[in-house]
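Each chain gets a letter, A, B and so on, in the order the sequences are listed, and its residues count up from 1. Side chains included, hydrogens not; waters and symmetry mates left out as well; all remaining heavy atoms used.
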2 protein chains.
Amino acid sequence: MEIKTACSQCNLRELCLPFGLDPREVDQLDELVGSRRKIKRQQHLYRSGDPFEAIYAIRAGSFKTDVILEDGRDQVTGFQMTGEVLGLDGISSEHHSCNAIALEDSEVCVIPFVRLEELSRQVESLQHQFHKIMSREIVRDHGVMMLLGSMRAEERLAAFLLNLSQRFTARGFSPSEFHLRMTRDEIGSYLGLKLETVSRAFSRFQDEGLVAVQQKHIRILDTPGLKRILNHHASN
Amino acid sequence: MEIKTACSQCNLRELCLPFGLDPREVDQLDELVGSRRKIKRQQHLYRSGDPFEAIYAIRAGSFKTDVILEDGRDQVTGFQMTGEVLGLDGISSEHHSCNAIALEDSEVCVIPFVRLEELSRQVESLQHQFHKIMSREIVRDHGVMMLLGSMRAEERLAAFLLNLSQRFTARGFSPSEFHLRMTRDEIGSYLGLKLETVSRAFSRFQDEGLVAVQQKHIRILDTPGLKRILNHHASN
DNA sequence: AAATCGTATTGACGTGGATCAAAGGCGTCC
DNA sequence: GGACGCCTTTGATCCACGTCAATACGATTT
């Protein structure tokens, strides 16, 4: 028995694939969203190497994606929240090229890719929104490269916190108070730092009155201060 | 007066947008490719902030893309060669979010984006190939994140050289001997290293007999050796 | 052929973040 | 409710890469 919650009813539609579609078109999209899938914390939505069949819109919960090398090193390539789309990496080779793992008990909408391409040949606004979503991912990745390639530890963490804050805001949550769903180690992997360095940077921010940190609970006390850390760079 | 060189005649079509299209479809694509544009060395194809109107397929030459922060720091996000597509970053916001700069005198095919979306609503194989190209960019970016986030200097350079070698091969050039079109500084920016570090890594590779380096001219002497550098990592 | 300029190499030294190590907080499972 | 395991914090030390500086190389101009 499927719980059939339509895109048209979904409060995430402004952030997700239905954005910009008119009601009739959203109904068409509804038909396409085959099913929902619940993923328990720490479980994989898909693994690197899995055949690619669908992309996924996060309906509840959150995920990380990571890439693993043969020698065991891994790199978290992103953290995804509700309304964001997972699986785009799989289109190019018909196989997924990263792992998607739930950070908490989560639920996704399964969007069979062949059918999405089909419908987006008919519905211009859907086609365009899908392209925007892919492009946004590319732009986001460039931002991460900038961060990894030319920022110091505290700048990276400040950028990370400001980015989270903004995304929580877009979802109607507090911009200044939230729970991290990922560990220090996962943050470190994403930011190209060791977990100890992440922890120390948090402590320093706390000492400077920028944030209040209590384990995974974060309160941002001085947003402009965090932004200043990002820009206050002498040169490179 | 336009030099009208058709996709159907182009020896890059296997690497580019026409891949997978049948001859009739390639003709349709031809009509869409509005014009070609020559870009001199060091000139911009587009700049961050420019309104987005078209994507570009590189017909001759090569480019770098970079992102610049307010404080002047910049990060090279990629090097592009013939057959590769530039401008995908612009779709998401209708404005380009990075700069594309020619590394040598180059020529691109201008592909007006509205028309590309139009045609790819009619031509399934074009739609799919375009999606693959975007997805490939995302996968590539994840690879760069891995490199920036968890590799040491020599591993980064080895990965870079092997990647170049493979791309030259795909274009019918020697896998083992080529000219770098970018400076040490640009390589460094891309790899998240300073130019001195890049230079030293080259020297070390040379000492170890892995490559012969003479300024921008590179000869790879020991491909397996370079690959070993990539994997021979104790742990993380 | 000399002068100039951008690029590359190499050396000496400094430092930010990694590594190693220990201890404390918190949730969870018997 | 006690013990165990995971996560986090913090300190001490190390080292890979950055920084600073000098020199060399090659192309281009005059």
From [atom1] of [X] over to [atom2] of [N], roughly how many Å is that when rounded to an integer?
X        : N      : atom1 : atom2 : result
A:Leu157 : C:dG16 : CG    : P     : 17 Å
B:His217 : C:dA8  : NE2   : P     : 15 Å
B:Asp185 : D:dT19 : CG    : P     : 12 Å
B:Arg181 : C:dG6  : CZ    : C1'   : 17 Å
B:Leu193 : C:dA8  : CG    : C1'   : 16 Å
A:Leu148 : C:dG17 : CG    : C1'   : 14 Å
B:Glu196 : D:dA16 : CD    : P     : 18 Å
B:Arg156 : D:dA16 : CZ    : P     : 14 Å

- Query: Under the criterion side chain to side chain donor-acceptor pair (under 3.5 Å), which of A:His217, A:Glu104, A:Gln215 is the partner of A:His179?
  - Reply: A:His217

- Message: Would you say the rings of A:Phe113 and A:Phe52 are close, in the sense that their centroids are separated by under 6.0 Å?
- Response: yes

- Do B:Phe79 and B:Phe63 have their ring centres less than 6.0 Å from each other? no

- Mind checking B:Gly192 for me? I need base, sugar-phosphate or nothing, with any heavy atom below 4.0 Å counting as a touch. sugar-phosphate

- What is the nucleic acid contact for A:Leu195, judged by heavy atoms within less than 4.0 Å: base, sugar-phosphate only, or nothing? base

Does some side-chain heavy atom of [Y] sit less than 4.5 Å from a side-chain heavy atom of [X]?
X        : Y        : result
B:Asn99  : B:Lys64  : no
A:Leu230 : A:Leu162 : yes
A:Ile101 : A:Arg41  : no

- Task: Among D:dA16, C:dA8, D:dT8, find the nucleotide with the atom closest to the side chain of B:Arg152.
- Result: D:dA16

- Between C:dT7, D:dG26, C:dA18, which nucleotide has the shortest distance from any of its atoms to the side chain of A:Thr197? C:dA18

- Task: Verify the contact: side-chain N or O of A:Lys216 to OP1 or OP2 of D:dC7, cut-off strictly under 4.0 Å; return yes or no.
- Result: no

- Item | D:dC25 base / B:Gln215 side chain donor-acceptor hit below 3.5 Å | no

- Query: What are the residues of residues 198-206 of chain B, sorted by number, that bring a heavy atom to within less than 4.0 Å of DNA chain C?
  - Reply: B:Ser199, B:Arg200, B:Ser203

- Note on the structure: Here the pair of heavy atoms bringing B:Leu157 nearest to B:Ala201 is CD2-CB, 3.6 Å

- Note on the structure: Ranking A:Met151 and B:Gln42 by the position along DNA chain C of their nearest nucleotide, the one closer to 5' is B:Gln42

